[in-house]
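Chain letters run A, B, ... following the sequence lines, proteins first and then strands; every chain starts at 1.
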Amino acid sequence: MTENGRIVRVSGPVVTAEGISARMYDLVLAGNDGLMGEVIKIVGDNSVIQVYEDTSNVRPGEPVKKPWATSSVELGPGLLGQIYDGIQRPLPKLMEKMGDFIKRGVSEPGLSHTKKYHFIPSVKKGVKVSNGDTLGYVQETKYHRHYILANVDGKELSGLNEGDYTIDDPVGSYSDGMPVLMYHKWPVRTPRPYRKKMAPYEPLVTGQRIFDTFFPVAKGGTAAIPGPFGSGKTVSQHQLAKWSDSDIVVYVGCGERGNEMTEVLTEFPELQDPKTGSPLMDRTVLIANTSNMPVAAREASVYTGITFAEYFRDMGYNVSLMADSTSRWAEAMREISSRLEEMPGEEGFPAYLSARLSTFYERAGVVQTMSNKEASVTVIGAVSPPGGDFSEPVTQNTLRIVKVFWALDAKLAQRRHFPSVNWLTSYTLYTDITNEWFNKNVSPRWSESRQHFMTLLQKEAELQEIVQLVGSDALPPDEQLTLEIARMIREILLQQNAFHEVDSYCSIQRQMMLNEAIIEFENYAKEAVAKEIAVESIASMKARDLLSKARFEKNFEEELKKAMEYAKNEFASMGVKV
Amino acid sequence: MIDSALEYKTITKVVGPLIFVEKTHAVGYNEIVSLRLEDGTIKRGQVMDSSNKAVVVQVFEGTAGINRNASVKFLGDTMHLPVSGDILGRIFSGSGEPIDGGMNIIPEDKLDINGSAINPYARDSPNEFIQTGISTIDGMNTLVRGQKLPIFSSSGLPHNDIALQIARQAQVKESSGGQFAVVFAAMGITNEEAQYFMRDFERTGALKRAVIYLNLASDPAIERLITPRLALTAAEYLAFTMDLHVLVILTDITNYAEALREIGAAREEVPGRRGYPGYMYTDFAMLYERAGRIKGKKGSITQFPILTMPGDDKTHPIPDLSGYITEGQILVSRDLHRKGIYPPINVLPSLSRLMNQGIGKGKTREDHKAISDQLYAAYAEGIDLRGLVAIVGKEALSERDRLFLDFADLFEEKFVQQGRNENRDIETTLSIGWDLVSTLPETSLTRIDRKYIEKYHPKYAKKE
């Protein structure tokens, strides 16, 4: 059933129509070209529509159609490895249909309706199923079973049949005759249901020392990476997407650069999933709504992403969602809000900015799914504060919600200290959970060494203030040593080269070995200083050099051991007992 | 369908660059408008808001001379640029009219000046190294084909010289075919500055391979909003239809942003930071994102936007929003300029995001990344020590620190400093880098793999 109306006003992406009795967030096709849009405001008989495509040449009087559906995405087999725009149009398909540039008025279903998948049922006839229950699965990639989830309210199954189907073919039916399909539609702004939310209990292992050792995020947790331009937000997000031990990664490029998405597209298929060894693309869904693509679709892209993430969560997977950048999303809200002539809040952002951000981050979490599996969605949002000023509204509203704050620092980035996460201002509220997990699963000394390093770095910051005034020679030797060890922590642990084949990923076991090595070195050095050996000669030891380079070596363990042997010999020759 | 010959005399309001017209037929958003004034002057504009009741038109040439008797004609389409291969070597006004005395272009195609977004899936990754012959760019902030790399500068600094030197010297290392072309868009720069560019283009013969759009300081500000769009439309045609490697110089983005603010204010929009419109990020992106390469196409678009930072402030919305869209920035520093160093590029806040894709074995040299990281780290440390020396004096420094302090000076003298016509190849740039780091103790070269030290460090290289 379709209703027909007419356009009465066009102002950029905001189109006003009369003659349709729309509900909020209903899908609408506007103009002669049938441009996709969504109802965002109702005033009397007029519906205000945000249109996802360019509205040039659209005139008052053109038709508006409303096919009676809310704007929603298709969830089913075929999502993995795909790249979409903000409203789930597959970009490769769009390229086939309209060439290298994105033209308007082309709609394309999110999933392939012609490809056949082999469906294996897991529920017997006569069982009553409801929303989110598993009906069976499709082996979508070598390592990923795509579970088919029911989208009905308590219906009895009258049978499911194994076989090869397209997503439009019924794979069985319910007792009332309704066919069972492998996909369903879901309105992106509605969170998917779960049985119960639980507290996070294990870390998301990322292979990045600054994140795992110093500021870990829990699976099902939320983190924000704010930083000025050039501080490495995107590289950090890419590293997390590449190396984190999630089952599925949803990467949303929201209002960012086109060339960056190209980088992901060329790199990911060649990289290996650290968990399974299969191509990284197999566990990834990309959403690319670059900065010059329509803002309304950018506004929707974040919701599309989180809906995908929840869908895979409902299958029992640990999913992480990277949103780069949530500031661009907030700006899209601001732009549309100002076209609606709404009363602005802080810095022109709409008054509902904070509410929108918190509802988005609240869709993260560890849950017990409707089919009683334990699964999680971790949300990591990049924030791009204007002028690198963290007091602006998007950063501040985000910090009120997230539990982990990775503050990127332009000064560190300028001296090529990457990842340029400032160790003094960043924080994590998950240490209780993660310390326990790491102590149990990696080494009982994990939390102790982390705390030791944090204390040293804090001490260094205090000493640096004195050094600024009087120079480092004026410090007593033990404090000079503190500075030297802190320098080692910064160079060896905190810095990590994302573009180095070995250093790009550092397993938690290796991280612990490095931690132990530095602590051992520090203990010898303390004794050496007690024997009045000059700190400068400790700093210029060959072993220190070896220690700092071990992380680049393929046979890391051996090289590290060699470095420590070397250190022992050197310290022994200084008269230190080893 | 629509009688586009209809002329209206129903202007109800004129505010700044905007006019409000009533009782029209259904007019399309972004449609082009022709205005005839009482004295016969013709002006052009564009529809910014269209409803049943009234249409808002933004007038490109400014609203001077318009009264309620002016007649308005809607042309039925958005703005299109006539293009053909003959645009090379031509000079146009900021609204696309030929001003070199030549004929009008006989179009092979008419392209919408707003362009369309390149499908991210259709993009090819930019990874071909462009050698500019400037060490601070090639060595430390490498440019690649299809990149957009702005020059962040300030009034009174030689950014124009740098842009011209790049335009002159830019070449791809191993000629992978395809010719360069330059598209130059001037937005609100002075006649003198424009002459400077033109003279250089003529002197070096670059004019034959250039397309020039000039909106000078004396031209209407509103026209500045379409000038870069014309230039980029021409660039897209040259790159993706004519297979040329196009270098686009846009100067000065700051003037463009001012025009954007003017329109925003006239429309009584809610302003964002410092009065600039909230959509300035998106608007900038519509320009900057028109750089790149496309799979299966031979040509490419590389952008060099130049912007002057008001008050040398990098956090001002113009450089700030640009920095978030472009793939890095080249920062021109007043301090270095005062020291008499040319090009006064401060490498520390400069950045090329696509550098890693364009350097290394087979592209520049295997040790490029390592040596550049080491130069960065050492220079940053040297600069920090300068601050310290100002307080405690050089005597209080350790031996190691003194070496880093000297390194910073050497770096500025030998590496940054070069002649306006000095074209250094990448080998020269890298070997200057190695000479400089060899003044530092070997144990402090933590950014460089052992194998490169053994191969390229002058100390070992001499032994062979």
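Between A:His500 and A:Phe552, the angle of the ring planes lies from 30° to 60°, which puts this pair in the tilted group.
With chain A as partner, the option from B:Gln329, B:Gln147, B:Glu399, B:Arg450 having the largest number of non-hydrogen pairs under 4.5 angstrom is B:Gln329. In terms of heavy-atom pairs under 4.5 angstrom with chain A, the leader among B:Ala117, B:Ala122, B:Ala285 is B:Ala117. Ranked by non-hydrogen atom pairs under 4.5 Å with chain B, the options A:Lys411, A:Arg6, A:Glu263, A:Met261 are led by A:Glu263. For the options B:Leu351, B:Thr443, B:Val347, heavy-atom pairs under 4.5 Å to chain A are most numerous at B:Leu351. The residue among B:Ile391, B:Ile325, B:Leu397, B:Ile383 with the most heavy atom pairs within less than 4.5 Å of chain A is B:Ile325. The candidate with the highest count of non-hydrogen atom pairs below 4.5 Å against chain B, out of A:Gly61, A:Ser384, A:Ser338, A:Pro344, is A:Ser384. Ranking B:Ser125, B:Ser50, B:Ala380 against chain A, the residue ahead of the rest is B:Ser50, based on heavy-atom pairs under 4.5 Å. When each of B:Lys314, B:Gln357, B:Lys53, B:Met48 is scored by its heavy-atom pairs under 4.5 Å with chain A, the top score falls to B:Gln357. Among A:Arg104, A:Glu536, A:Met293, A:Glu335, the residue with the largest count of heavy-atom pairs under 4.5 Å with chain B is A:Glu335.
If you measure heavy-atom distances from B:Arg353 to chain A, the contacts under 4.5 Å come from the side chain alone. Contacts between B:Tyr281 and chain A at a heavy-atom distance below 4.5 Å involve the side chain alone, from C-beta outward. Heavy atoms of B:Leu385 lying under 4.5 Å from chain A are absent altogether. Only the backbone of B:Pro319 comes within contact range of chain A, judged by heavy atoms closer than 4.5 Å. Contacts between B:Phe284 and chain A at a heavy-atom distance below 4.5 Å are absent for every atom of the residue. Residue A:Pro92 touches chain B through both its backbone and its side chain, counting heavy-atom pairs closer than 4.5 Å. Residue A:Asn497 touches chain B through its side chain alone, counting heavy-atom pairs closer than 4.5 Å. Heavy atoms of B:Glu395 lying under 4.5 Å from chain A are absent altogether. The contact between B:Arg447 and chain A is made entirely by side chain atoms (from C-beta outward), counting heavy-atom distances below 4.5 Å. Contact of A:Glu62 with chain B is not made at all, since no heavy-atom distance falls under 4.5 Å. When heavy atoms are compared at a cutoff of 4.5 Å, B:Leu445 approaches chain A solely by way of its backbone atoms N, CA, C and O. In this structure, chain A has a heavy atom under 4.5 Å from the side chain of B:Asp384, while its backbone stays farther away. Neither the backbone nor the side chain of B:Ser372 comes within contact range of chain A; no heavy atom of the residue lies under 4.5 Å from a heavy atom of that chain. Both the backbone and the side chain of B:Leu348 come within contact range of chain A, judged by heavy atoms closer than 4.5 Å. Contact of A:Pro90 with chain B is not made at all, since no heavy-atom distance falls under 4.5 Å. Of the two parts of B:Ser444, neither the backbone nor the side chain holds a non-hydrogen atom closer than 4.5 Å to a non-hydrogen atom of chain A. With a threshold of 4.5 angstrom between heavy atoms, A:Glu392 does not approach chain B through any atom at all.
Between B:Lys451 and B:Glu454 there is no salt bridge, since none of the side-chain N atoms of the basic residue sits less than 4.0 Å from a carboxylate O of the acidic one. Salt bridge B:Arg229/B:Asp283: present, at least one basic N to carboxylate O contact under 4.0 Å. Between A:Lys549 and A:Glu491 there is no salt bridge, since none of the side-chain N atoms of the basic residue sits less than 4.0 Å from a carboxylate O of the acidic one.
You'll find the side chain of B:His368 reaches within 4.5 Å of the side chain of B:Met355, heavy atoms only.
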side-chain hydrogen bond (donor to acceptor under 3.5 Å, both in side chains) assessment of B:Thr282 paired with A:Arg298: CA-CA 11 Å; B:Thr282 308; A:Arg298 189 203 298 171; 3.2 Å; yes
Worked verdict on A:Glu342 versus A:Ser337 for side-chain hydrogen bond (donor to acceptor under 3.5 Å, both in side chains): CA-CA 6 Å; A:Glu342 292 173 340; A:Ser337 162; 2.8 Å; yes
side-chain contact (heavy atoms from CB on, under 4.5 Å) between B:Ile318 and B:Met280, worked out: CA-CA 9 Å; B:Ile318 298 168; B:Met280 195 156 84; 4.1 Å; yes
A:Ser56/B:Asn30 under side-chain hydrogen bond (donor to acceptor under 3.5 Å, both in side chains): CA gap, chis, key distance, verdict: CA-CA 5 Å; A:Ser56 287; B:Asn30 269 350; 2.7 Å; yes
Audit row: A:Glu559, A:Arg551, side-chain contact (heavy atoms from CB on, under 4.5 Å) steps and yes/no: CA-CA 8 Å; A:Glu559 291 295 323; A:Arg551 63 203 165 100; over 6 Å; no
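Cation-pi geometry between A:Arg89 and A:Tyr84 is not satisfied (NZ or CZ under 6.0 Å from the ring centre, within 45° of the ring normal).
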